[in-house]
Structure formats: C-alpha cells, structure tokens
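In each ligand, atom 1 is the first atom listed, and ligand 1 is the first ligand listed.
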Amino acid sequence: TDKWEIDPEELDLGQEIGSGQFGLVLEGKWNDRKVAVKMVREDCMTDEDFKEEAMVMMRLSHCKLVQLYGVCTQRSPMCLVFEYMESGCLSAYLREKKGRLSQDLMLGMCLDVSEGMAYLESSNFIHRDLAARNCLVTKNNEVKVSDFGMTRFVLDDQYTSSQGSKFPVKWSAPEVIKYSKFSSKSDIWAFGVLMWEIYNEGRLPYENRTNAEVVESLNAGLRLLKPRLAPNAVYSLMEWCWKEKPEDRPSFAVLLHELAALSDL
Ligand SMILES: Cn1cc(-c2ccnc(-n3ncc4cc(C(C)(C)C)cc(F)c4c3=O)c2CO)cc(Nc2ccncn2)c1=O
C-alpha cells in the first residue's frame, strides 16, 4: 500500500470532537499517538481528489502546521488522520482566556502562525481561509495552522462564492472579494485580521456589520481599529498587511522577521 495509507486496524476511534466541514471529526489513537480523525463524506470529494490532496498535505510538514499523518481509504467513509491539538480552535481558546492573555502570549501566537505561514509561502501554497477559527492550539499554548488549502474541496457555493453568505469577507483582501484573486499576499491580509483577533481576545472583526457594509468601508479606505491590548508597533504591522495593493503588503518571511524583532525587545 502507499506509504501514506494507514491500516484501519491500527486506528482506535474515540469521542466526537466536532462536526467539521466535511463530516465528523473524532479523537482517536494510532500507534499509541493521540490523533484527530476526519471522516470525509463521499459527496465532498472523489477518491482520486482525496488521495491527491493527501499526498500534497503529507509533503507540507512544519512544526507550526497541523500535521497530516496519513489516510484510510480502504474503508468508507475515508478518513484523514491528523496530529491531535488538545486545546482546540484558536478563536474559542482566545475567548475562554479573555482577560488573562499576556502580551508575550499574544505576540507568541502571532509568531507561531507567521512561522507556519512563511513555510507555506516558501512552498508556494496558499491557505485561502486563514483565520483564528482555522488555527488550533496544543496543550502548551502553541498555535498551529490548520485546514490549509481545504477550501478547494468545499462544495457549498454559499462558502466558495464571494457573494455567498458563508464567504469569509471579513478576512478577505479586496482583490479576492472583487476578482477571487488568491495569493500569499491575500493570505497576509487575512493574517493581519488574525492578529487583530488575537489582540481582541477572539472578538469577531467588524462585529455587527454585514459583509456588504464591510466591503463598502474597505473601499472607502477604512480599516479595523487598533485593539486596546495591541502595542502601536504591532498595529502598524496589521495596517501594513491591509495595504490596498497586494505588492505593498509584506511577505510572511518579512513579517516573521518584524514580529521576531518585536519579541526580542
Ligand atoms: C486536528 N484537529 C482538528 C479538529 C477539528 C474538529 C472539527 N472540525 C474541524 N474543522 N474546522 C474547520 C475547518 C475548516 C475547513 C475550511 C475548508 C477551511 C473551511 C475545512 C475543515 F475540514 C475544517 C475542519 O475539519 C477541526 C479542525 O480541522 C479539532 C482538534 N482538536 C480539538 C481538541 C479539543 N476540542 C476541540 N478540538 C484537532 O486536533
């Protein structure tokens, strides 16, 4: 069998930990390792798509990306076996820790994500839906990037179309909203919003505004305001990520360097 094929006999399935985008996600055990197992409903992607995707994701390996260990295609539904992230998704984690997030912890989280994203950027891989809800947290408060590139398999056009009700407009760069032009520079825009989420303790950006109102305010040159907890130097980096023209935004490599310099102060 292919090297990314996991023998279902080695997999013990446990409790449900969420109903992901493509079906159930269970916690489990594989070779004495705690894992998260994502069952993939057939209507979401063909076997071939699934295997192709798995091969791509297996090759993307970095300590700040949630690692895919392998796939089970010999059973139905097929499943993806991931490293287990004890503290769940970052957005929920930030809201739970509201009022108790130190400056070092918040800057450390931004650094973790920028490291994972700088690796994806160097691998010419675009995330397409970077946000705190799509990052996960380990038991020792380390943050890793999750579900990169998975938007390509979502069939719900409410999510995939930029006019759809589920499209992540509040994290989308202007060129994505207007022309669906995704790039690492549109990922950096989303990263600026993710930094805003971290320093706002998991609040929703543009809280009670509709997607249409957000588009209008962006076109008027308005941007998210500085979170109370964010130092001016960090907010300047957020504003840099939100430059209208993609080429005026930083790369993740540059942004990582700037964040690392701040954390050495
Ligand atoms: C690896 N992993 C995944 C999850 C987990 C559970 C349910 N849904 C999801 N999600 N969440 C979001 C998500 C988003 C997408 C987009 C295509 C980008 C829209 C595609 C997905 F496939 C998922 C998915 O599967 C995840 C994220 O993939 C939870 C873990 N851990 C815990 C631990 C405690 N409590 C909760 N979760 C964990 O370790």
Side-chain angles (χ1 to χ4, degrees), residues 6 11-30 33-45 49-50 52-54 56-58 60-72 77-97 112-113 116-117 120 125-162 164-172 176 180 182 186-187 190-191 193-194 197 202 204:
I6 284 177
L11 208 47
D12 296 323
L13 298 181
Q15 303 286 342
E16 184 185 320
I17 48 178
S19 56
Q21 186 75 21
F22 302 114
L24 275 190
V25 183
L26 307 174
E27 66 180 24
K29 271 271 189 192
W30 174 59
R33 258 192 276 202
K34 194 99 192 270
V35 292
V37 181
K38 290 192 190 181
M39 322 306 277
V40 177
R41 289 196 315 266
E42 280 73 47
D43 60 338
C44 290
M45 58 178 98
D49 266 1
F50 178 91
E52 167 63 32
E53 175 56 21
V56 169
M57 286 177 75
M58 293 286 283
L60 291 170
S61 187
H62 186 273
C63 60
K64 301 293 167 59
L65 297 183
V66 177
Q67 184 61 50
L68 176 70
Y69 289 144
V71 296
C72 274
M78 302 181 290
C79 62
L80 295 159
V81 181
F82 288 91
E83 77 172 292
Y84 185 68
M85 302 288 284
E86 292 78 5
S87 302
C89 90
L90 176 59
S91 45
Y93 182 83
L94 290 166
R95 289 191 280 268
E96 272 158 38
K97 299 279 180 186
D112 286 345
V113 177
M117 288 306 298
L120 283 185
F125 194 95
I126 305 168
H127 188 300
R128 295 163 176 263
D129 191 4
L130 181 61
R133 65 179 173 275
N134 291 332
C135 291
L136 294 165
V137 189
T138 66
K139 62 178 171 301
N140 47 31
N141 303 327
E142 206 175 32
V143 182
K144 303 195 185 190
V145 180
S146 183
D147 299 304
F148 30 94
M150 293 297 278
T151 58
R152 290 167 299 164
F153 300 103
V154 177
L155 298 171
D156 180 356
D157 55 21
Q158 279 309 317
Y159 171 79
T160 51
S161 147
S162 59
S165 61
K166 296 178 192 166
F167 190 83
V169 164
K170 297 180 175 179
W171 285 263
S172 297
V176 165
S180 298
F182 291 91
S186 62
D187 275 352
F191 179 72
V193 182
L194 196 161
E197 291 184 272
L204 186 71

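- Atom numbering of ligand 1 starts at 1 in the shown order; those under 4.0 Å from a heavy atom of V154 are 17 (C).
- Summary of contacts: the protein heavy atom closest to atom 20 (C) of ligand 1 is Q21 CB, 3.5 Å.
- Scanning the protein for heavy atoms near atom 29 (C) of ligand 1, the closest one is I17 CD1, 3.9 Å.
- Taking every heavy atom of F22 and a limit of under 4.0 angstrom, the matching atoms of ligand 1 come to 20 (C), 22 (F).
- Within ligand 1, counting atoms from 1 as listed, the ones closer than 4.0 Å to a heavy atom of A36 are 1 (C), 2 (N), 38 (C), 39 (O).
- Only one option out of M57, K38, E53 pairs with L68 in a side chain to side chain contact (heavy atoms under 4.5 Å, CB included); it is M57.
- Counting only heavy atoms of the protein, atom 34 (C) of ligand 1 lies nearest to E86 O, 3.4 Å.
- With contacts defined as side-chain heavy-atom distances shorter than 4.5 Å, the pair V56/F125 qualifies.
- When each atom of ligand 1 is checked for a heavy atom of T151 under 4.0 Å away, the hits are 17 (C).
- Ligand-side atoms of ligand 1 in range of Y84: 33 (C), 34 (C), 39 (O), range being under 4.0 angstrom from any heavy atom.
- The closest side-chain heavy-atom distance from T151 to Y159 is below 4.5 Å.
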Scan the side chains in residues 21-29 for donor-acceptor partners under 3.5 Å anywhere in the protein, sequence neighbours excluded, and list what turns up.
{"unit_1": "E27", "atom_1": "OE1", "unit_2": "Y84", "atom_2": "OH", "d": "3.3"}

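- Atom 16 (C) of ligand 1 has as its closest protein heavy atom Y159 OH, 4.1 Å.
- No side-chain heavy atom of M85 sits under 4.5 Å from any side-chain heavy atom of Y93.
- At least one heavy atom of E83 sits less than 4.0 Å from an atom of ligand 1.
- Scanning all protein heavy atoms for the shortest distance to atom 37 (N) of ligand 1 gives G88 CA, 3.6 Å.
- Neither the backbone nor the side chain of F153 comes within 4.0 Å of ligand 1, counting heavy atoms alone.
- The shortest distance between side-chain heavy atoms of R41 and P77 does not fall below 4.5 Å.
- Within the listing of ligand 1, atoms 17 (C) sit less than 4.0 angstrom from a heavy atom of M150.
- The protein heavy-atom contact nearest to atom 9 (C) of ligand 1 is G20 CA, 4.2 Å.
- With D147, V25, L68, T160 as candidates, the residue nearest to atom 5 (C) of ligand 1 on a non-hydrogen basis is V25.
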Under the side chain to side chain contact (heavy atoms under 4.5 Å, CB included) criterion, do V145 and V113 qualify, and how do the steps go? CA-CA 6 Å; V145 180; V113 177; 4.0 Å; yes
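- Closest protein heavy atom to atom 3 (C) of ligand 1: L136 CD1, 3.8 Å.
- Near N134, meaning under 4.0 Å from any of its heavy atoms, are these atoms of ligand 1: 12 (C), 13 (C), 14 (C), 18 (C).
- In this structure, the separation between CD on E142 and CG on L136 is 12.0 Å, given to the nearest 0.5 Å.
- Counting only heavy atoms of the protein, atom 33 (C) of ligand 1 lies nearest to M85 O, 3.2 Å.
- Taking 4.5 Å as the limit, some side-chain heavy atom of V35 sits within range of a side-chain heavy atom of L11.
- Residues satisfying the salt bridge (Lys or Arg N to Asp or Glu O under 4.0 Å) criterion with R33, sequence neighbours excluded, are absent altogether.
- Once rounded to the nearest 0.5 Å, the distance linking CD of E197 with CH2 of W171 reads 5.0 Å.
- When each of L80, V37, I6 is paired with C72, the side chain to side chain contact (heavy atoms under 4.5 Å, CB included) condition holds for I6 and for no other.
- Near D129, meaning under 4.0 Å from one of its heavy atoms, ligand 1 places the atoms 18 (C), 19 (C).
- In this comparison of K38, Q15, E16, the heavy atom closest to atom 26 (C) of ligand 1 sits on K38.
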